[in-house]
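The sequence lines fix the lettering, A, B, ..., with proteins before strands; numbering per chain opens at 1. Just the heavy atoms: all of them, side chains too, but no hydrogens, waters or symmetry mates, feed the values below.
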Number of protein chains: 2
Amino acid sequence: METNPIKILIADDEPDIIEIISFHLTKAGFEVYTAKDGSEAIEQAQLHIPDCIILDIMMPKRNGFEVCEYLRSQKQFDKTLIVLLTALNDEASHIKGLELGGDDFVSKPISPKVLLSRISALFRRILPSTNDNKTIQVRDLIIDPVQYKTTLNGEIYTLAKKEFELLFLLAEQPGRVFLRNEILSQVWGNDVIVGDRTIDVHVRKIRAKLGVDCITTVKGVGYKFDY
Amino acid sequence: METNPIKILIADDEPDIIEIISFHLTKAGFEVYTAKDGSEAIEQAQLHIPDCIILDIMMPKRNGFEVCEYLRSQKQFDKTLIVLLTALNDEASHIKGLELGGDDFVSKPISPKVLLSRISALFRRILPSTNDNKTIQVRDLIIDPVQYKTTLNGEIYTLAKKEFELLFLLAEQPGRVFLRNEILSQVWGNDVIVGDRTIDVHVRKIRAKLGVDCITTVKGVGYKFDY
DNA sequence: GTGTCAGGTTATCAAATTGTTAACTAAATA
DNA sequence: TATTTAGTTAACAATTTGATAACCTGACAC
């Protein structure tokens with residue numbers, strides 16, 4: 001569920017190349033950033049943290065190899081795809097580029113269509129592996145058990161442990177009614193004995209904090225997540 | 001920590017090509033299987049479930065496109081890398097190959113070294129990333145595990161070993177909550193027994209030294225890096 | 001209308017958890 | 001060995017969380 005557009009940075013000192021690649025990538029729905037030399041490429045990369053960086057090898061200030069090597073030493077660009085472009089199609093630089101951590105190496109003259117399909121092929125491999133967590137998302141409400149974070153309309157709401165666990169339990173199966181007993185054993189554990197009003201109070205706190213009634217009471221039965 | 005050798009299947013009708021690629025891949029430590037046509041390629045693939053399949057496009061019985069398409073329709077070859085080889089370097093088949101689910105497309109004449117480094121580049125993406133020492137940068141905060149150095153706004157802050165390791169652990173996965181147990185086993189080791197307050201004290205020292213609260217407490221759960 | 005029941009609300013207190021400081025110990029360094 | 005530095009612990013303070021009691025509200029039956 002990639003909500004944000006995929007960001008691609010193109011670094012090349014030839015404005016024509018930038019323009020033509022940029023045109024095709026934009027048309028394909030990517031968000032495109034550009035840089036005209038190696039230093040600018042690094043600046044832009046740090047600013048936007050793109051998903052893919054297309055680097056010309058022959059560039060002023062810092063060449064593509066240097067930029068590639070630098071980016072690869074940074075944790076934040078771990079998952080960033082790096083595609084190297086070159087006019088010279090020699091074996092040595094091809095290998096060097098890939099050894100420095102490049103993901104692909106494309107020789108000029110560049111066919112925008114081919115470049116696009118190569119990038120797509122790379123993304124096919126990368127994207128699925130990024131969203132493997134157990135985050136629950138229902139419309140604008142995001143419940144992330146890894147971060148212990150609840151987001152509603154982009155705003156972060158801090159729930160206490162029990163509150164979070166209760167909300168998470170219900171939200172895991174939206175619509176399903178959880179009996180009070182189930183909630184107690186799941187959130188509090190089987191051996192803990194707490195009074196009847198305890199659940200209500202926590203439900204109340206969740207409702208109050210989120211400001212939205214995403215928990216519905218089913219009288220005489222229990223509660224369910226409903227949003 | 002790959003205990004089993006990586007398996008690669010090569011399918012090409014030219015024995016010379018098979019031999020030379022096979023030689024290089026074997027030398028590089030891969031376990032190599034071969035097939036001389038499309039049907040055999042599928043048989044061998046089903047038999048060995050290789051990690052990577054190199055397919056010549058022009059093959060008897062079933063061509064590379066057909067084999068590629070078939071393999072991609074099978075769940076068991078979801079993660080298998082497919083590299084397509086071709087004598088004809090036309091744009092259309094290049095794009096077609098990638099659209100059918102190929103991961104790379106290499107034109108003949110093939111340089112074994114280039115092929116090898118392309119395959120390696122692809123595997124780098126698929127195989128579980130090794131936890132190597134990479135610089136973490138979040139805005140103005142730079143954490144360099146090689147130099148054991150923390151920089152904030154260009155100023156260098158010297159953290160003690162444990163402090164640094166704790167910060168690094170959290171910062172490797174910003175936002176993720178680390179349970180106290182996780183922190184203990186990662187930073188202190190499984191066999192070392194230290195009190196609960198020890199973590200707090202170190203967190204406090206990091207906060208005090210950096211002057212920025214980049215570590216958030218999640219009460220009852222643990223700590224997370226948040227900056 | 002009144003009683004009853006299930007749940008909602010609030011305030012309060014107890015318990016759990018974390019923060020802070022200082023003192024002590026171990027390890028590294030000179 | 002003396003000195004510094006890092007790491008750990010204990011004791012206590014501060015804070016947060018959770019549980020409960022007491023009371024309120026609304027629905028429904030009679």
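For the pair B/L166 CG and D/dG7 C1', the interatomic distance rounds to 13 Å; values are reported in whole Å. Rounded to whole angstrom, the span from the CG atom of A/L184 across to the C1' atom of D/dT20 amounts to 14 Å. When rounded to the nearest whole Å, the span between CD of A/E165 and C1' of D/dG18 equals 12 Å. Here the C1' atom of nucleotide C/dA28 and the NZ atom of B/K162 are 14 Å apart, to the nearest Å. Distance, A/K209 NZ to C/dT9 P: 16 Å, rounded to whole Å. Distance B/I206 CD1 to C/dG19 C1': 14 Å, rounded to the nearest Å. Rounded to whole angstrom, the span from the NZ atom of A/K205 across to the P atom of C/dG8 amounts to 15 Å. Atom CZ in B/R197 sits about 15 Å away from atom P in D/dA13, given to the nearest Å.
Cation-pi geometry between A/K96 and A/F65 is satisfied (NZ or CZ under 6.0 Å from the ring centre, within 45° of the ring normal).
Both B/V218 and B/V201 lie close to DNA chain C; mapped to their nearest nucleotides by heavy-atom distance, the more 5′-ward contact belongs to B/V218. Residue-to-nucleotide proximity on DNA chain D shows that, of A/T158 and B/V192, the 5′-proximal contact is made by B/V192. Across the interface with DNA chain D, nearest-nucleotide mapping of A/L159 and B/A160 shows B/A160 to be the residue nearer the 5′ end.
Look at B/T198 and you'll find a side-chain N or O under 4.0 angstrom from OP1 or OP2 of D/dT9. For B/R207, a side-chain nitrogen or oxygen approaches OP1 or OP2 of C/dG19 to under 4.0 Å. Taking 4.0 angstrom as the limit, A/Y223 places a side-chain polar atom (N or O) nearer than this to OP1 or OP2 of C/dG8. Side-chain N/O atoms of A/H202 include one lying less than 4.0 angstrom from OP1 or OP2 on D/dA19. Neither OP1 nor OP2 of C/dT17 sits under 4.0 Å from any side-chain N or O of B/R180. Here B/W188 does not reach the OP1 or OP2 of D/dG7: none of its side-chain N or O atoms lies under 4.0 Å away. For B/T217, no side-chain nitrogen or oxygen approaches OP1 or OP2 of C/dT17 to under 4.0 Å. Phosphate proximity of C/dT10 to A/R204: present, with a side-chain N or O under 4.0 Å from OP1 or OP2.
Salt bridge present: A/R72 and A/D103 bring a charged side-chain N and a carboxylate O closer than 4.0 Å.
Within 4.0 Å of A/V203, counting heavy atoms only, lies no atom of the nucleic acid at all.
Note that CD1 of B/I49 is 4.0 Å distant from CD of B/Q76, once rounded to the nearest 0.5 Å. Rounding to the nearest 0.5 angstrom, the gap separating the CG atom in B/L25 from the NZ atom in B/K7 is 15.5 Å.
The heavy-atom pair separating B/V32 from B/S22 by the smallest distance is CG1-OG, 3.6 Å.
A donor-acceptor contact under 3.5 angstrom links the side-chain atoms of B/K219 to the base of C/dT17.
For A/K161, the side-chain atoms get nearest to D/dG18 when compared with the rest of D/dT20, D/dT9, D/dG18.
Considering only heavy atoms from C-beta on, A/V83 comes within 4.5 Å of A/C52 through its side chain.
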